[in-house]
Amino acid sequence: MYPNAHCELDFTSPLELLVATILSAQCTDRRVNAVTPTLFARYPAAADYAAADRAELEELIRPTGFFRAKAGNLIGLGQELCARFGGEVPGRLADLVSLPGVGRKTANVVLGNAFGVPGITVDTHFGRLARRFGWTRASDPVKVEHAIGDLFPPEDWTLLSHRMIWHGRRVCHARRPACGACDLARWCPSYGEGPTDEAAARKLVRNGPFS
DNA sequence: ATCCCGAGGG
DNA sequence: CCCTCTGGAT
């Protein structure tokens, strides 16, 4: 299932992916991709964000929501990248997380999709599905990440993240999950009166299309 | 726990 | 009109 699941943000470099991912918070990828062509042309390098006019930057990213906070983060991001990393995007989790507007989820997206480092991207979708599948009961994203790390080998992490997110977006919605159209329903502990035990969760790992 | 914030769907 | 959308910082 979802053999070609991939990052749906448009980007051609680690910096572009990092910026796009920051903008994608509480916002659809479609709206991010609508503003990034102009944004990337206007600010090709980290130094360009560092020197950006605040009002102009805010106007460019306005449709993505939270535009004041995001603009401030992007300017701070450019400044930090220039001051501490020679204008380049670092490829280590601890460095990425130290940047303005970059949390663990965003850092893992960049690691997995721009640096080829296995990363489990626990966003709102991944966390919700992991709990519905019985893979964990934790709500803390870091605990979810560790639980999934024990269930799947590192080489599966990045693709698994994309598949979980695709499935969450298209079928296993937060409010009204489309269980009737879900290929995983027969294995899902949360479907109908189905089993809610741990064995059912393990079957989803072994036999489910996510394995 | 709360705020940031616009856009589209039910 | 209410809800949600690939979060992060305070």
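Convention: sequence-line order gives letters A, B, ...; per-chain numbering from 1. Every value quoted in this text rests on a predicted model; they were computed, and no experiment measured them.
Distance A:R169 CZ to B:dG9 P: 13 Å, rounded to the nearest Å. Rounded to a whole Å, the CD1 atom of A:I61 is 14 Å from the C1' atom of C:dG7. Protein atom CG of A:N33 is 17 Å distant from nucleotide atom P of B:dA7, rounded to whole Å. For the pair A:E59 CD and B:dG6 P, the computed distance is 11 Å after rounding to whole Å. Residue A:H125 contributes atom NE2, which lies 6 Å from atom P of C:dC5 at whole-angstrom precision. Rounded to an integer number of Å, the gap from CG of A:D123 to P of C:dT6 is 8 Å.
Residue-level contact check: A:L99 touches the backbone only, with heavy atoms under 4.0 Å from sugar-phosphate atoms and none from bases.
Between A:R68 and the phosphate of B:dC5, there is a side-chain N or O to OP1/OP2 separation shorter than 4.0 Å. Proximity of A:T106 to the phosphate of C:dG8: a side-chain N or O atom is located under 4.0 Å from OP1 or OP2.
Note: the hydrophobic cluster containing A:W166 does not contain A:V32 (ILVMFWY, side chain heavy atoms under 4.5 Å, direct or indirect links).
Note on A:R54 versus A:E58: salt bridge recorded, some NZ/NE/NH1/NH2 to OD/OE distance being below 4.0 Å. A salt bridge links A:R169 with A:E8: the distance from a Lys NZ or Arg NE/NH1/NH2 to an Asp or Glu carboxylate oxygen falls below 4.0 Å.
Ring-base stacking between A:F66 and B:dC5 is not satisfied when judged by a centre separation under 5.5 Å and a plane angle under 30°.
Listed nucleotides C:dC3, B:dC5, C:dT6 differ in distance to A:R175; the shortest reach to its side chain belongs to C:dC3. For A:A69, taking side-chain heavy atoms from C-beta onward, the closest of the listed nucleotides B:dC4, C:dT6, C:dG7 is B:dC4.
The same atom, C1', is picked in B:dC5 and in C:dC3; the two are 15 Å apart, to the nearest Å.
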